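Just so we're clear, the structure is a prediction, and the values are computed from it rather than from any experiment.
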Amino acid sequence: MDWTAINLSGKLALVTLLFLMPPAIFTARWLAMTSLRGKHWIEGLLALPLVLPPTVVGYYLLVAMGGNAFLGGWFEAVTGSTLAFSFTGLVVASVIFNIPFAVQPVQRAFEAISPEIHEAAKCCGLTFWQAFFRIDLPLAWPGILSACVMTFAHTLGEFGVVLMVGGNIPGETKTVAISIYDRVQSFDFGSAGAMSLLLLVISLATIGVSYGLVARLMKRRHSP
């Protein structure tokens, strides 16, 4: 069992949630409320990681993180380190390829809020931020919880983008998915099976608990 890779995957998933969820919530809220022409193109752009092969997403991210690209060059000039094949680069890649998993459930939750509730908030004199924190966030909480769980579970199991951007550096970019691939390549099926089973149990438990919590929240909300 490669505990270093397992810990690195958990760390990557938590850091991804920390950096991704705040902007994802505001983006989802804006998408749910705006009637901007061409909105569907923005939604399509954000959903691209769902339909593109992970190697394609990883390739473009790797090019963007190269020393001759704007992002990679800027990071190297500021920190003196390369962005590609580093944990920081993995975090950047993880945030980008998890955007649809974080935004879409929250957007659907905001869209389910009745417009009459916002009209009532305006009539009561609530500002945007007061309405956001007192009304929008509590009502959209099940969607936010689902987004957090989906993002966490997807990050744990991501392989293609992680391999393209981070490579296979033990303790730095070698996540549990990469470690499983390595063990299979070296015919160590016992370790590969054990880590695969652990990943399966963690993912199933995470999704099962979140579904249970969301169902309980929705039942409590609709109970008289």
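- A continuous path of hydrophobic side-chain contacts links Val161 to Val56 [ILVMFWY only; heavy atoms under 4.5 Å].
- For the atom pair Ile135 CD1 and Ser114 OG, the distance stands at 11.0 Å (nearest 0.5 Å).
- Separation of atoms CZ (Arg29) and CG (Leu137) is listed at 9.5 Å; rounding is to 0.5 Å.
- When side chains are defined from C-beta on, Gln104 counts as touching Leu50, because their heavy atoms get closer than 4.5 Å.
- In this structure, Leu8 is a member of the same hydrophobic cluster as Val95, with clusters built from ILVMFWY side-chain heavy atoms closer than 4.5 Å.
- Summarising the geometry, atom CG belonging to Leu48 is positioned 12.0 Å from atom CD1 belonging to Ile96; distances are rounded to the nearest 0.5 Å.
- Judged by distance alone, the side chain of Thr34 and the main-chain N or O of Leu31 form no donor-acceptor pair under 3.5 Å.
- Between Leu126 atom CG and His118 atom NE2 the span is 10.5 Å, to the nearest 0.5 Å.
- Between Val176 and Leu156, the closest heavy-atom pair is CG1-O, 3.6 Å.
- For the pair Tyr60 and Leu52, the minimum side-chain heavy-atom distance is 4.5 Å or more.
- Atom NE2 of residue His154 and atom CZ of residue Phe101 lie 3.5 Å apart, to the nearest 0.5 angstrom.
- Between the side chains of Glu43 and Gln107, at least one donor N or O lies within less than 3.5 Å of an accepting N or O.
- The minimum heavy-atom distance linking Lys174 with Ser179 is given by the pair CE-CA, 3.9 Å.
- Thr88 places none of its side-chain heavy atoms less than 4.5 Å from the side chain of Thr79.
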side-chain contact (heavy atoms from CB on, under 4.5 Å) assessment of Tyr211 paired with Val149 = CA-CA 9 Å; Tyr211 281 4; Val149 171; over 6 Å; no

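- For the pair Pro100 and Pro105, the tightest heavy-atom approach, listed with the atom from each and the gap, is O-CD, 3.9 Å.
- Under the 4.5 Å side-chain criterion, counting only non-hydrogen atoms from C-beta, Arg183 is in contact with Asp2.
- Using a distance-only test at 3.5 Å, with no hydrogens or angles considered, no donor-acceptor pair links the side chain of Glu119 to the main chain of Glu116.
- When hydrophobic clusters are built by joining Ile, Leu, Val, Met, Phe, Trp and Tyr residues whose side-chain heavy atoms come closer than 4.5 Å, directly or via intermediates, Trp3 is not grouped with Leu197.
- Put simply, the side chain of Phe159 does not reach to within 4.5 Å of the side chain of Ile180, judged on heavy atoms.
- Around CZ of Phe128, the count of heavy atoms belonging to other residues, nucleotides or ligands within 6.0 Å exceeds 12.
- Summarising the geometry of Ala177 relative to Glu158, their closest heavy-atom pair is CB-O, 3.5 Å, with the distance given to 0.1 Å.
- For Met21, the CE atom is densely surrounded, since the number of other residues' heavy atoms within 6.0 Å is greater than 12.
- Side-chain contact of Asn98 with Thr155: a donor-acceptor pair under 3.5 Å is present, judged by distance alone.
- Contact annotation: the side chain of Leu90 approaches that of Thr175 to within less than 4.5 Å [non-hydrogen atoms, C-beta and beyond].
- One distance of note links OG1 of Thr16 with NZ of Lys11; it measures 11.5 Å at 0.5 Å rounding.
- Closest approach of Ala24 to Val103, counting heavy atoms only: CB-CG2, 3.9 Å.
- Asn168 is not listed as a side-chain neighbour of Tyr181, based on a closest heavy-atom distance of 4.5 Å or more.
- Residue-environment remark: OH (Tyr59) stays at or below the threshold of 12 foreign heavy atoms within 6.0 Å.
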Verdict with reasoning, Phe110 to Trp141, per ring pair (Phe, Tyr, Trp, His ring centres under 6.0 Å) | CA-CA 9 Å; Phe110 281 131; Trp141 175 241; over 10 Å; no

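- Two rings, from Trp30 and Phe132, have their centers 6.0 Å or more apart.
- When the side chains of ILVMFWY residues are joined at heavy-atom separations under 4.5 Å, either directly or via intervening members, Leu163 and Phe87 end up in a single hydrophobic cluster.
- More than 12 heavy atoms of other residues, nucleotides or ligands shown are found within 6.0 angstrom of CZ on Phe189.
- For Lys39, the NZ atom counts as densely surrounded, since its 6.0 Å shell holds more than 12 non-hydrogen atoms of other residues, nucleotides or ligands.
- For Phe85 against Thr173, the heavy-atom pair with the smallest separation is C-CG2, 3.9 Å.
- Val91 and Ile6 fall into different hydrophobic clusters, defined by Ile, Leu, Val, Met, Phe, Trp and Tyr side-chain heavy atoms under 4.5 Å apart, directly or through other members.
- In this structure, the side chains of Val92 and Met65 come closer than 4.5 Å at one or more pairs of heavy atoms.
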